[in-house]
Novice: 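Sharing a structure here in structure tokens format.
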Amino acid sequence: MKLLFFSLVFSVLMVALLITYIVKREQASMYRFKDLFIRLMQKFDAWQMMR
């Protein structure tokens, strides 16, 4: 009975850590995408000013 309880607790903790890792990775990729978009907009603005 104890073994079942500890295995359930361990599996829940592992799933929580996996979800945390995936969410952090997605947030980092979204920040990279946002930075790329901002840089492209700045280049476009600079190109418009030159015209």
Side-chain angles (χ1 to χ4, degrees):
M1 209 60 183
K2 279 185 181 179
L3 184 63
L4 178 65
F5 172 74
F6 284 125
S7 62
L8 283 173
V9 169
F10 182 73
S11 62
V12 167
L13 285 174
M14 292 306 289
V15 168
L17 286 173
L18 182 66
I19 290 172
T20 304
Y21 171 73
I22 290 171
V23 167
K24 284 188 180 211
R25 203 175 73 192
E26 279 298 313
Q27 282 180 341
S29 67
M30 286 301 291
Y31 286 134
R32 278 196 300 269
F33 179 72
K34 186 181 77 167
D35 289 343
L36 174 68
F37 184 72
I38 289 172
R39 268 186 272 135
L40 286 174
M41 288 300 295
Q42 287 171 343
K43 286 182 181 181
F44 181 73
D45 287 342
W47 175 73
Q48 287 288 353
M49 293 295 249
M50 286 173 54
R51 287 179 62 200

Novice: Strictly by ring pair (Phe, Tyr, Trp, His ring centres under 6.0 Å), give each pair with a member in residues 26-46 just once, sequence neighbours left out.
Specialist: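 Residue pairs passing ring pair (Phe, Tyr, Trp, His ring centres under 6.0 Å), neighbours aside: F44-W47.
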Novice: Can you name the side-chain contact (heavy atoms from CB on, under 4.5 Å) partners of I22, sequence neighbours left out?
Specialist: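 Per chain and number, I22 pairs via side-chain contact (heavy atoms from CB on, under 4.5 Å) with L18.
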Novice: Which ILVMFWY residues can you reach from L40 by hopping between side chains whose heavy atoms are under 4.5 Å apart?
Specialist: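 L40 clusters with L36.
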Novice: Go through the structure and list residues passing side-chain contact (heavy atoms from CB on, under 4.5 Å) with E26, not counting sequence neighbours.
Specialist: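 Listed in chain order: S29.
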Novice: In the hydrophobic clustering (ILVMFWY, side-chain contacts below 4.5 Å, transitive), which residues join F6, or is it alone?
Specialist: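 Answer for F6: F5, V9, L13.
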Novice: Apart from I38 itself, what residues make up its hydrophobic cluster, given side-chain heavy atom links below 4.5 Å?
Specialist: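 Joined to I38, directly or through intermediates: none.
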Novice: What's the spacing between Q48 CD and M41 CE if we round to 0.5 Å?
Specialist: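 Rounded to the nearest 0.5 Å, the CD-CE separation comes to 9.5 Å.
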Novice: How would you list, by chain and number, every residue that makes a side-chain contact (heavy atoms from CB on, under 4.5 Å) with V12, sequence neighbours excluded?
Specialist: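 side-chain contact (heavy atoms from CB on, under 4.5 Å) check on V12 returns nothing, list empty.
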Novice: Please identify each residue that fulfils side-chain contact (heavy atoms from CB on, under 4.5 Å) with I19, with sequence neighbours left out.
Specialist: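 Expected list: V15, V23.
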Novice: In the hydrophobic cluster built from side-chain contacts under 4.5 Å, what are the other members alongside L3?
Specialist: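 ILVMFWY cluster around L3 holds nothing else.
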